[in-house]
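Step one of this worksheet: look at the structure below.
Below, each value reflects all heavy atoms present in this structure, side chains not excepted, and no hydrogens, waters or symmetry copies.
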Amino acid sequence: MPISRRTMLALLASAPVLASCGVGGSSPGEGKSVRVAFQNFADSTLLVKDQQTLEKALPDHKITWTAFDSGASINTAFLGGAIDLAVIGSSPAAAGLCPPLKIPYQVIELLNVIGDSEALVVRKATGITKISELAGRKIAAPFSSTAHYSLLAALELAGVDAGSVTLVDLEPQNIQAAWQRGDIDAAYVWTPVLSVLQQDGVTLTDSAKLAASGKPTLTFTVARKEFLDGNADVVDKWLAATNDAIKLIKTDPAKVAAAVSRQIGIGEADALAQLKQNIYLDHDEQRGPDYFGTSAAPGKLANRLRDTAEFLSAQKKVEQVPDLATFQAALRAPGGGRG
């Protein structure tokens with residue numbers, strides 16, 4: 001069962017007890033461990049988990065995979081020292097690098113460019129067909145997520161004051177339950193919950209359209225800096241596994257879809273459709289000028305993160321936006337050093 005922010009906060013409150021029981025990472029003299037945070041959406045990392053690629057490559061390590069509901073709960077876990085590697089969206093990653101969080105992690109790869117796997121859906125019964133008609137309505141999104149960022153961007157682009165709607169902070173599974181009860185009018189969320197909402201909803205926009213309008217969202221792997229600096233072999237194995245999985249989505253997507261199906265309990269056809277909703281770049285492509293770039297010629301990724309942080313600051317979601325150098329220093333291109 002995915003861990004929500006509320007559950008994670010409760011676990012962290014008992015951190016001293018957990019630590020005394022040997023939970024929460026390795027101490028000197030203990031066995032080596034790798035704690036991976038993932039999310040239950042169609043993605044290349046689910047193939048790595050399904051095939052136990054990391055476990056086979058690192059037989060002397062204990063690999064723990066923990067499902068989280070959102071990037072916000074993952075940030076909370078990082079603050080508590082509970083995870084080493086994580087799958088996280090660009091919005092919570094940008095927030096994590098800003099005060100008050102200032103999480104010491106680094107972006108080590110781009111897992112995908114989010115397309116129409118995240119979207120804004122309104123209940124058909126409302127009769128709403130345009131974003132401009134949402135004023136006065138109740139809209140849900142997981143706060144501090146890519147969906148939350150995209151929702152605020154969609155409202156801004158449509159000229160709708162965010163203060164004119166009621167924004168509700170719900171995790172994806174709770175969004176589905178609230179939708180089915182009729183508690184909310186609309187939601188910005190990702191698959192597989194998105195697919196459920198679309199059965200009796202109208203899609204007003206999606207993250208592919210917002211990207212085309214200058215508001216892109218991305219999915220990263222981030223690594224705790226201390227772990228990254230001390231476990232280069234583990235990180236190399238992770239990057240090799242995820243890069244192979246990203247390439248396989250392009251050459252044999254059905255195989256990846258079968259793994260996704262097993263991991264999150266959806267049909268293979270649905271898994272394949274969800275995989276096709278995003279854009280996947282292998283590590284060579286990620287080192288291009290639009291993303292990490294190279295040490296000699298940094299790409300646009302740091303600017304994208306800072307732009308996201310500026311937007312979050314304008315929405316009063318972060319206290320302060322660091323300078324561009326801070327975001328650049330938080331990037332470590334896969335196989336190519338700092339971007």
| said: Other residues, nucleotides and ligands only: do more than 12 of their heavy atoms fall within 6.0 Å of NZ on Lys317? | reply: yes
| said: Assigning hydrophobic clusters by single linkage (Ile, Leu, Val, Met, Phe, Trp, Tyr; side-chain heavy-atom cutoff under 4.5 Å), is Ile264 placed with Leu275? | reply: yes
| message | Are Val48 and Tyr280 connected into the same hydrophobic cluster when the rule is that any two of I, L, V, M, F, W, Y join if their side-chain heavy atoms are below 4.5 Å apart? | response | yes
| task | Using a cut-off of 6.0 Å, state whether more than 12 heavy atoms not belonging to Lys237 lie near its atom NZ. | result | no
| Pair Trp238-Glu109, side-chain donor/acceptor within less than 3.5 Å | yes
| query | Around atom CD of Glu226, are there more than 12 heavy atoms of other residues, nucleotides or ligands at under 6.0 Å? | reply | no
| request: Examine the side chains of Thr217 and Glu118 and answer whether a donor and an acceptor come within less than 3.5 Å of each other. | output: no
| field | Any residue meeting ring-ring contact (aromatic ring centres under 6.0 Å, His included) with Phe311, in chain and number order, not counting sequence neighbours | value | Tyr149
| task | Could you tell me the separation between the NZ atom of Lys102 and the CD atom of Glu319, rounded to the nearest 0.5 Å? | result | 10.5 Å
| task | Could you go through the salt bridge (charged side-chain N to carboxylate O under 4.0 Å, His left out) check for Arg123 and Asp185 one step at a time? | result | CA-CA 6 Å; Arg123 189 183 300 280; Asp185 301 304; 5.4 Å; no
| remark: For residues 173-184, the salt bridge (charged side-chain N to carboxylate O under 4.0 Å, His left out) pairs (sequence neighbours left out) are Arg181-Asp183
| If you draw a 6.0 Å radius around NZ in Lys250, do more than 12 non-hydrogen atoms from other residues or ligands fall strictly inside? | yes
| Partners of Gln277 by side-chain contact (heavy atoms from CB on, under 4.5 Å), sequence neighbours excluded? | Asp116, Ser117, Thr191, Gln274
| task | Answer yes if Val121 and Leu170 sit in the same cluster of Ile, Leu, Val, Met, Phe, Trp and Tyr residues linked by side chain heavy atoms under 4.5 Å apart, and no otherwise. | result | yes
| said: Both conditions, 6.0 Å and 45 degrees, for the charged tip of Arg304 above the ring of Phe327: are they met here? | reply: no
| Results of side-chain contact (heavy atoms from CB on, under 4.5 Å) for Ala240 - residues two or more places apart only | none
| Leu85-Val107 co-clustered via ILVMFWY side chain contacts under 4.5 Å | no
| field | Partners meeting side-chain contact (heavy atoms from CB on, under 4.5 Å) with Lys130 (sequence neighbours left out) | value | Ser132, Glu133
Could you pull out all donor-acceptor pairs under 3.5 Å where a side-chain atom in residues 154-164 meets a protein atom, sequence neighbours excluded?
{"residue": "Asp161", "atom": "OD1", "partner": "Gly163", "partner atom": "N", "Å": "2.8"}
{"residue": "Ser164", "atom": "OG", "partner": "Asp161", "partner atom": "O", "Å": "2.6"}

